[in-house]
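One structure is given here, and the rest of the page talks about it.
As the structure is a prediction and not an experimental result, all values here were calculated from the model. Naming convention: chains lettered A, B, ... in sequence-line order (proteins, then strands); numbering from 1 in each chain.
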There are 2 protein chains.
Amino acid sequence: MENSVFKALAHPARRQLLTMLRQGPRLAGGLAAEFEASWPTMSRHLAVLKDADLITAERQGNQILYRVNTSVLEDAASALLGLIGRDTGDDELKDAAE
Amino acid sequence: MENSVFKALAHPARRQLLTMLRQGPRLAGGLAAEFEASWPTMSRHLAVLKDADLITAERQGNQILYRVNTSVLEDAASALLGLIGRDTGDDELKDAAE
DNA sequence: CCTCTAATTAGCGGTTTCGCTAATTAGCAG
DNA sequence: CTGCTAATTAGCGAAACCGCTAATTAGAGG
């Protein structure tokens, strides 16, 4: 479960997608349009992110709206910080997400 | 550069190695001994981590001492937190496409 | 020199990932 | 139903990754 998250984060294009989604939800087409890679390629990157639960998809009529799942991202960052025994910014308690 | 870090983090055994190193420097043999996988396999995992600058190696006579590089780990965590526009405690850091 | 231990490197099959084109599904509108 | 747009799925070849065994380097010591 945690593994798929880090695997999803391993590809630059997918991290780029996440930074794009950081400012708000976006349509698949709009996201794909900003990359050199083909549309199906980007669609698969989105699928990988969704599989890792890093983003959620919501159908809106003809198109699909993607939204970043911040809590999973926070968990990953916490896990990383935990690797060095550093305070995560959240409390020592885990899963205390607002 | 940032890319190799996330790629290195993508494998469970390598994250496990980092958690082991979290409590202090250790010898390659001692680390490898705690895994089911063969010694050469673990040696390569260590090489990947070293390549990503997540750990440093120091020769000590016959053996090799590995040490975690906390700053790189912190940078990665910061990048992740930055993906959700959260304050990291460290300076703002962006993970460009690359 | 030779030998032993610690660790890495070389090379190999098997699996996964990646990016493409082509085909397909899903929804909307006439 | 037909056509159109948005997006995913199928399938393929190229490349990377993973874990193994065997071979090799590096250092300590007789």
Do A:Phe35 and A:Leu27 share a hydrophobic cluster (ILVMFWY, side-chain heavy atoms under 4.5 Å, transitive)?
-> no
Where chain B begins and ends its contact with DNA chain C, read 5' to 3' at 4.0 Å from heavy atoms | C:dT5 to C:dT9
Check whether any side-chain N or O of A:Lys7 sits under 4.0 Å from OP1 or OP2 of D:dC17, and answer yes or no.
-> no
In residues 8-16 of chain B, which ones come under 4.0 Å of DNA chain D, going by heavy atoms?
-> B:His11, B:Arg14
What's the verdict on side-chain contact (heavy atoms from CB on, under 4.5 Å) for B:Leu31 and B:Leu21, showing C-alpha distance, side-chain angles and the deciding distance?
-> CA-CA 9 Å; B:Leu31 290 165; B:Leu21 287 173; 4.1 Å; yes
Sub-4.0 Å heavy-atom contacts from residues 59-66 of chain A onto DNA chain D, ordered by number | A:Asn62, A:Gln63, A:Ile64, A:Tyr66
Measure across A:Asn3 and B:Ala10 and return the closest heavy-atom pair with its distance rounded to 0.1 Å.
-> OD1-O, 3.1 Å
Taking distance alone, no hydrogens or angles, what donor-acceptor pairs closer than 3.5 Å link side-chain atoms of residues 48-66 of chain A to residues at least two apart or in another chain?
{"unit_1": "A:Glu58", "atom_1": "OE1", "unit_2": "A:Arg67", "atom_2": "NH2", "d": "2.7"}
{"unit_1": "A:Arg59", "atom_1": "NE", "unit_2": "A:Gly61", "atom_2": "O", "d": "3.4"}

Which pair of non-hydrogen atoms, one from B:Met42 and one from B:Ala37, has the smallest distance, and what is that distance?
-> SD-CB, 3.9 Å
Heavy-atom closest pair, residues A:Leu80 and B:Ala77 = CD2-N, 3.7 Å
Note: contacts of residues 34-55 of chain A with DNA chain D (heavy atom, under 4.0 Å) are A:Trp39, A:Pro40, A:Ser43
Residues 37-46 of chain A vs salt bridge (charged side-chain N to carboxylate O under 4.0 Å, His left out), sequence neighbours excluded, gives none
Determine yes or no for a side-chain-to-main-chain donor-acceptor pair under 3.5 angstrom, with B:Arg22 supplying the side chain and B:Val68 the backbone.
-> no
Residue pairs, two or more places apart or on separate chains, that pass ring-ring contact (aromatic ring centres under 6.0 Å, His included) and touch residues 5-33 of chain A | A:His11-A:His45
List for me each residue that meets side chain to side chain donor-acceptor pair (under 3.5 Å) alongside A:Thr70, sequence neighbours excluded, and say none if there are none.
-> none
Side chain B:Arg14, main chain B:Leu9, donor-acceptor under 3.5 Å | no
Residues passing the side chain to side chain donor-acceptor pair (under 3.5 Å) test with B:Ser4, sequence neighbours excluded, are none
Please list all pairs passing the side-chain hydrogen bond (donor to acceptor under 3.5 Å, both in side chains) test where one or both residues lie in residues 26-43 of chain A, with sequence neighbours left out.
-> A:Arg26-A:Glu34, A:Ser38-A:Thr41
How large an angle, rounded to 10°, do the end axes of the helix from C:dC1-D:dG30 to C:dG30-D:dC1 enclose when each is built from five base pairs?
-> 10°
Where do A:Ile84 and B:Glu74 land on the side-chain contact (heavy atoms from CB on, under 4.5 Å) test, with the steps shown first?
-> CA-CA 8 Å; A:Ile84 39 178; B:Glu74 281 172 21; 3.4 Å; yes
